[in-house]
Amino acid sequence: MKKSVKLSAGAGSALLLGSLALAGGLGATSASAASTESTSMTLHAELDPLNNSGVEGMATIVFQGDHAHVHIDAYGLAANLPHAEHIHFGASARHECPTVKDDTNLDFRLNTTDGLPAYGPIRKSLTTRGDTSPASALAVDRFPTAPMGAIHYDRTIEVASSTLIRNIEDGKSVLVIHGIDYNDNGKYDFASAGKSDLDPSLPSEATDPAACGVIR
């Protein structure tokens, strides 16, 4: 008998992600702090579908001081199911979204591992609450669901890594949304695509990439 799993997660509204280069050169400590707080950088990612998901959307990331505000609007997702969202970066990656050429095992779909040469490993997990590190990559209970097939994600997160910030600014980071209900039965199950390449206790439907966009 095939196992069937329906995963649920709360839809989040407040999110934390960012850190920015300090605006320097002011003598007084208070003046320097004020300069840093006033420095901001706004970046965007146009989200296009993967795996014929039909998912589209837009993400905006505004860095302010040592935080970043992340806002994502995405449509066409599997309704009422959790969708993991990550910022990916890898020094040896191509800094782009994967294509059908990355389907190395020729199973006619892209799993998360297939996409790694294009977008690199996870650097930030865009959860609705709590930890946003790669350790929360599969925290399915803390990723947004998609009521009526849409996600409206809004949270400010902390980004401590200056390397990550620099590569996001340089257009080398990629935002990926995961989760596809291939057989349209309203749940993530093992029937259509088997086990996840990331965690065999989860269906591939829960972790396969559904949308992707380079952050520019």
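This one's a predicted model, so the numbers in the text were calculated from it and none came from an experiment.
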- Message: Taking salt bridge (Lys or Arg N to Asp or Glu O under 4.0 Å) as the definition, give me every residue that meets it alongside R123, ordered by chain and number, with sequence neighbours left out.
- Response: none

- Share the residues that join L50 in a hydrophobic cluster, the rule being Ile, Leu, Val, Met, Phe, Trp or Tyr side chains under 4.5 Å apart at the heavy-atom level. L110

- Task: Supply the atom-to-atom distance H71 NE2 to H44 NE2, rounded to the nearest 0.5 angstrom.
- Result: 11.5 Å

- Message: I168 vs F89, test: side-chain contact (heavy atoms from CB on, under 4.5 Å). Steps then yes/no.
- Response: CA-CA 8 Å; I168 291 175; F89 164 74; over 6 Å; no

- Message: Between S125 and S136, is there a side-chain donor-acceptor contact under 3.5 Å, judged purely by atom types and distance?
- Response: no

- Query: By the rule that ILVMFWY residues connect when side-chain heavy atoms come within less than 4.5 angstrom, directly or transitively, which residues belong alongside V62?
  - Reply: none

- Message: If you count heavy atoms of other groups shown closer than 6.0 angstrom to CG of D48, is the number above 12?
- Response: yes

- Item | D114: salt bridge (Lys or Arg N to Asp or Glu O under 4.0 Å) partners, not counting sequence neighbours | none

- Message: Using the rule side-chain contact (heavy atoms from CB on, under 4.5 Å), only one of M58, H152, M148 pairs with Y75; which is it?
- Response: H152

- Query: Would you say N111's side chain and T113's backbone share a donor-acceptor pair under 3.5 angstrom?
  - Reply: yes

- If every non-hydrogen atom of P98 is compared with every non-hydrogen atom of D102, which pair is closest and at what distance? CA-OD2, 3.3 Å

- Heavy atoms, side chains only, cut-off 4.5 Å: are D141 and P82 in contact? no

- Task: Write down the atom of P49, the atom of G54, and the distance for their closest heavy-atom approach.
- Result: CB-N, 3.6 Å

- Just jot down the side chain to side chain donor-acceptor pair (under 3.5 Å) partners of H86, sequence neighbours excluded, or say none. H178

- Query: Are I215 and F63 joined in one hydrophobic group, where the rule is that I, L, V, M, F, W and Y side chains link up if heavy atoms are under 4.5 Å apart?
  - Reply: yes

- d(M41 CE, Q64 CD) to nearest 0.5 Å is 10.5 Å

- Note on the structure: Closest non-hydrogen contact found for A146 with H83 is CB-CD2, 3.9 Å

- Query: Does anything in residues 170-182 pair up under salt bridge (Lys or Arg N to Asp or Glu O under 4.0 Å), and if so which pairs, sequence neighbours excluded?
  - Reply: none

- I151 reachable from V70 in the ILVMFWY side-chain graph, under 4.5 Å edges: yes

- Item | For E96, all residues meeting salt bridge (Lys or Arg N to Asp or Glu O under 4.0 Å), sequence neighbours excluded | R94

- Is there a side-chain contact (heavy atoms from CB on, under 4.5 Å) between N105 and D103 once you walk through the steps? CA-CA 6 Å; N105 62 359; D103 178 20; 2.9 Å; yes

- Message: I need the minimum non-hydrogen distance between F190 and S201, along with the two atoms involved.
- Response: CZ-O, 3.6 Å

- Side-chain donor-acceptor pair present, S133, D131, cut-off under 3.5 Å: yes

- disulfide bond (SG atoms under 2.5 Å apart): which pairs involve residues 183-216, sequence neighbours left out? C97-C212

- Hey, what else clusters with Y182 if you join Ile, Leu, Val, Met, Phe, Trp, Tyr whenever side-chain heavy atoms sit under 4.5 Å? I180

- Query: With sequence neighbours excluded, what pairs up with D73 under the salt bridge (Lys or Arg N to Asp or Glu O under 4.0 Å) test?
  - Reply: none

- Out of curiosity, does Y153 fall in the hydrophobic cluster containing L43 (side-chain heavy atoms, cut-off under 4.5 Å, transitive links)? yes

- Query: Step by step, would you call I87 with V159 a side-chain contact (heavy atoms from CB on, under 4.5 Å)?
  - Reply: CA-CA 11 Å; I87 292 176; V159 178; over 6 Å; no

- Point-to-point distance, once rounded to the nearest 0.5 Å, from CG of L47 to CD1 of I72: 7.0 Å

- Work out which heavy atom in G186 is nearest to a heavy atom in L81; give both atom names and the distance. O-CD2, 3.9 Å

- Task: State, to 0.1 Å, how close V55 and G76 come at their nearest heavy-atom pair, and which atoms those are.
- Result: CG2-O, 3.4 Å

- Note on the structure: Residue pairs passing the salt bridge (Lys or Arg N to Asp or Glu O under 4.0 Å) test with at least one member in residues 191-209, sequence neighbours excluded, are R109-D208

- Message: Other members of the hydrophobic cluster containing V214, with the 4.5 Å side-chain heavy-atom rule, please.
- Response: L116, Y119, V174, V176

